[in-house]
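One structure is given here, and the rest of the page talks about it.
All chains are named by letter (A, B, ...) in the order of the sequence lines, taking the proteins before the strands, and each is independently numbered beginning at 1.
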Protein chains: 2
Amino acid sequence: MKELENFVKKLRNSGIRPTKQRLKICEVLFSSDKTFHFTVNDLAKIIEEELREKISLATVYNTVHAFKKKGYLKEISIPGDKSYFDTNTNHHHHFFDSNAKELIDIDFNQIELKNTPKAPRGKSIKGIDVIINVENDSQ
Amino acid sequence: MKELENFVKKLRNSGIRPTKQRLKICEVLFSSDKTFHFTVNDLAKIIEEELREKISLATVYNTVHAFKKKGYLKEISIPGDKSYFDTNTNHHHHFFDSNAKELIDIDFNQIELKNTPKAPRGKSIKGIDVIINVENDSQ
DNA sequence: CTTCAACTTTAGAATCATTATAAAATATTC
DNA sequence: GAATATTTTATAATGATTCTAAAGTTGAAG
């Protein structure tokens with residue numbers, strides 16, 4: 001398979017050196033069509049425990065941030081919880097299930113925002129995040 | 001003035017004992033009509049430095065969380081930044097200015113959300129947060 | 001008003017996420 | 001392949017938040 005080749009290309013095109021560690025992270029994050037939500041710790045665990053590859057937590061942080069900056073990942077922050085990253089970088093929104101502590105994607109088209117206000121003078125809009133908090137029905 | 005009385009009542013009605021520290025925090029947060037955004041640290045500093053009252057950071061945390069649980073404060077979490085609290089508990093939204101690291105309220109009516117999706121089975125919607133990220137124009 | 005149980009505050013320790021550091025390893029360029 | 005720039009790494013440092021357990025305060029009941 002030439003998947004690895006593609007990752008090498010992808011990184012090189014972004015001016016990121018394709019190191020072993022970065023390629024391993026690409027493999028975990030971008031091999032499948034499925035998008036997913038994870039914390040830095042989750043990702044480090046997958047690599048260390050499932051793939052049994054040694055990787056420094058600092059490297060995982062560095063890489064995740066580099067990928068975020070290049071637009072390969074989105075960060076979602078939850079009040080009273082930690083930061084999650086999302087491999088789905090299309091414009092879309094989220095449910096946050098506060099019982100399961102879990103994000104669920106909502107397609108961009110499923111919510112229509114009308115009359116979004118103008119940015120304050122001298123500023124411009126960079127992105128809009130909608131988080132719908134949900135919890136278990138109380139019976 | 002009977003402001004203090006009112007705070008005592010407010011707390012008692014919520015089943016929160018009106019202690020000196022909690023009343024002091026009420027005074028800082030709810031005396032003015034103006035709403036504002038702050039971190040736990042900001043609040044502790046105001047009390048210690050401006051009011052020159054000694055208060056433990058742990059108490060500020062406890063109180064802020066108690067007030068949040070009772071609905072007197074809202075928490076807003078920013079990707080790659082920390083948690084902010086908001087004395088405006090009306091349903092409303094925010095700009096986040098990533099240069100100034102500052103939240104700006106957006107009136108609820110200024111954004112119309114159409115077709116908000118149903119919560120997943122067995123869950124119900126508890127709240128919706130819209131954060132519009134803005135940054136300085138690049139010239 | 002005194003007493004007592006329940007609750008709260010406090011300082012400091014503990015934890016957790018994240019960032020900084022600087023030496024060793026690796027990648028790129030020539 | 002040697003020189004330079006970048007990256008990885010383990011570890012320390014930081015910062016936010018929570019925990020702990022002892023000391024202090026509050027409210028209810030007599």
*In terms of side-chain heavy atoms, does B:Thr59 have a donor or acceptor partner in B:Asn62 at a distance below 3.5 Å?*
no
Within the pair [X] and [N], is there a side-chain N or O less than 4.0 Å away from OP1 or OP2?
X: A:Asn62; N: D:dT8; answer: no
X: A:Gln21; N: D:dT9; answer: yes
X: B:Arg12; N: D:dT26; answer: no
X: B:Lys20; N: C:dT8; answer: no

*asked:* On DNA chain D, compare the nucleotides closest to B:Ser83 and A:Gly15; which residue's is nearer the 5' end?
replied: A:Gly15
*When the nearest nucleotide of DNA chain D is assigned to B:Thr19 and to B:Val40 on a heavy-atom basis, which residue is associated with the more 5' position?*
B:Val40
What is the separation between atom [atom1] on [X] and atom [atom2] on [N], rounded to the nearest whole Å?
X: B:Leu43; N: D:dA16; atom1: CG; atom2: P; result: 14 Å
X: B:Ile47; N: C:dT9; atom1: CD1; atom2: C1'; result: 13 Å
X: B:Arg22; N: D:dG24; atom1: CZ; atom2: C1'; result: 14 Å
X: A:Tyr61; N: C:dT18; atom1: OH; atom2: P; result: 3 Å
X: A:Leu57; N: D:dA13; atom1: CG; atom2: P; result: 18 Å
X: A:Tyr84; N: C:dC16; atom1: OH; atom2: C1'; result: 14 Å
X: B:Glu48; N: C:dT9; atom1: CD; atom2: P; result: 14 Å
X: B:His65; N: D:dT17; atom1: NE2; atom2: P; result: 7 Å

*Sort out for me which residue in A:Asp129, A:Ile78, A:Asn88, A:Asp86 forms a side-chain contact (heavy atoms from CB on, under 4.5 Å) with A:His94.*
A:Asp86
*Hey, which of B:Asp42, B:Thr87, B:Asp105 is the one that makes side chain to side chain donor-acceptor pair (under 3.5 Å) with B:His37?*
B:Asp105
So if I take every side-chain heavy atom of [X] and compare against [options], which nucleotide ends up nearest?
X: B:Asn41; options: C:dA20, D:dA16, C:dT9; result: D:dA16
X: A:Arg17; options: C:dT9, D:dT8, D:dT6; result: D:dT6
X: B:Ser56; options: C:dT9, C:dA20, C:dA11; result: C:dA11

*Looking at the rings of A:Phe108 and A:His91, which for Trp means the six-membered one, are their centres under 6.0 Å apart?*
yes
*Give one of base, sugar-phosphate or nothing for A:Ile55, where a contact means two heavy atoms less than 4.0 Å apart.*
sugar-phosphate
*Measure the CD1-OG distance between A:Ile76 and B:Ser77 for me, rounded to the nearest 0.5 Å.*
11.5 Å
